[in-house]
Amino acid sequence: MGILGWFDALNLGIELKIKVGRKDALIIVDVQKDFCPGGALPVPEGDKIIPNLNKYVEIFRKNGGKIYATRDWHPENHISFKEYGGLWPKHCVQGTEGAEFHPNLKLPEDAVIISKGTDPLREAYSGFEGTDLKKKLKQEGIVRVFVGGLATEYCVKNTVLDAIKFGFETVLLMDAIKGIDLKPSDSRKAIDEMVKRGVKTVKLENFEIEN
Ligand code: VGL
Ligand code: ZN
């Protein structure tokens with residue numbers, strides 16, 4: 001401990017280490033084969049965040065936190081595909097191999113899977129858009145959400161901004177996100193914007209690890 005003792009920290013209202021509990025949810029955004037190297041819309045080094053995500057999964061499992069995994073789950077003719085006027089190559093088509101979660105991601109059996117981008121006529125970057133994620137979180141009594149995954153400036157950002165909008169205390173897992181960076185500063189700008197809107201940024205070292 002540095003200059004502040006634990007008592008000073010308590011007095012100042014500073015949370016020294018984050019304690020995950022039953023009112024917390026981990027939201028893992030779109031860690032799918034197509035968004036990883038070798039996939040149809042690869043996030044550069046997208047797979048490098050998986051070991052840290054697995055560590056977060058363990059922390060949440062051990063402490064009674066709930067785990068949600070969103071997946072991009074497009075119909076064949078989705079509006080986000082270039083051939084239908086969108087920005088992106090065809091990716092994460094429902095039921096294809098590319099839409100599967102990355103095999104190294106250790107999702108527990110009871111993780112809740114949220115499929116998004118299923119309406120052919122609507123782009124849906126946020127895990128909340130057109131899904132029942134908000135309802136599920138509120139039903140479970142979730143107060144705080146921790147968000148990691150792919151890609152920082154698209155689905156992670158939009159999921160974070162919606163979580164804030166819906167009143168969740170929202171935390172961004174800085175060591176478990178990666179961006180596409182079509183322009184090199186895209187991820188950084190997205191993070192700045194999320195911070196301005198009230199997201200808290202943390203890393204693994206900020207968590208209390210219990211055995
Ligand atoms: C995403 C582009 C298109 C994402 C999804 O998961 O960030 N990006 N579809
Ligand atoms: Zn998509």
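Values reported hereafter were calculated over all heavy atoms of this structure, with side chains retained and with hydrogens, waters and symmetry mates removed. Counting convention: from 1, in listed order, for ligands and their atoms alike.
- For K165 and D162, the salt-bridge test passes: some basic side-chain N is under 4.0 Å from an acidic carboxylate O.
- For a threshold of 3.5 Å applied to N or O pairs, the pair formed by D30 and ligand 1 contains at least one separation below that value.
- Cation-pi check for K138 over F168 is met; the charged atom lies under 6.0 angstrom from the ring centroid and within 45 degrees of its normal.
- Within the 4.5 Å cutoff, the side chain of P37 has heavy atoms near those of the D47 side chain.
- Contact annotation: for V29 versus ligand 1, there are no heavy atoms closer than 4.0 Å.
- Stacking of K134 on the aromatic ring of F166 is recorded, both the 6.0 Å distance cut-off and the 45° axial limit being met.
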Assess whether salt bridge (charged side-chain N to carboxylate O under 4.0 Å, His left out) is satisfied between K33 and E97, documenting all intermediate values. CA-CA 7 Å; K33 287 186 178 175; E97 190 191 342; 2.9 Å; yes
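- Here E140 does not pair with K23 in a salt bridge; the nearest charged N to carboxylate O distance is not below 4.0 Å.
- For ligand 1, the polar-atom distance check finds no N/O of H74 at less than 3.5 Å from any of the ligand's N/O atoms.
- Using a 4.0 Å heavy-atom cutoff, H91 is listed among the residues neighbouring ligand 1.
- Those atoms of ligand 1 that come under 4.0 Å of a heavy atom in C155, given as number and element, are 1 (C), 4 (C), 5 (C), 6 (O), 7 (O).
- Salt bridge annotation for K116-D72: present, with a cationic side-chain nitrogen under 4.0 angstrom from a carboxylate oxygen.
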Check step by step if salt bridge (charged side-chain N to carboxylate O under 4.0 Å, His left out) holds for D24 and R144. CA-CA 5 Å; D24 291 319; R144 186 166 61 168; 2.7 Å; yes
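- For ligand 1 and Y154, the ligand atoms under 4.0 Å from any heavy atom of the residue are 7 (O), 8 (N).
- For ligand 1 and L150, the ligand atoms under 4.0 Å from any heavy atom of the residue are 6 (O), 7 (O).
- In terms of polar-atom proximity, defined here as any N/O pair under 3.5 Å, L41 makes no such contact with ligand 1.
- With ligand atoms numbered from 1 in the order given, ligand 1 contributes 5 (C), 9 (N) to contacts under 4.0 Å with heavy atoms of D72.
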Evaluate L173 against I49 for side-chain contact (heavy atoms from CB on, under 4.5 Å), listing each step before the verdict. CA-CA 10 Å; L173 303 174; I49 65 171; over 6 Å; no
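- The tally of protein N/O/S atoms under 2.8 Å from the Zn ion (ligand 2) stands at 3.
- The residues E193 and K157 are annotated as salt-bridged, a charged nitrogen and a carboxylate oxygen being separated by less than 4.0 angstrom.
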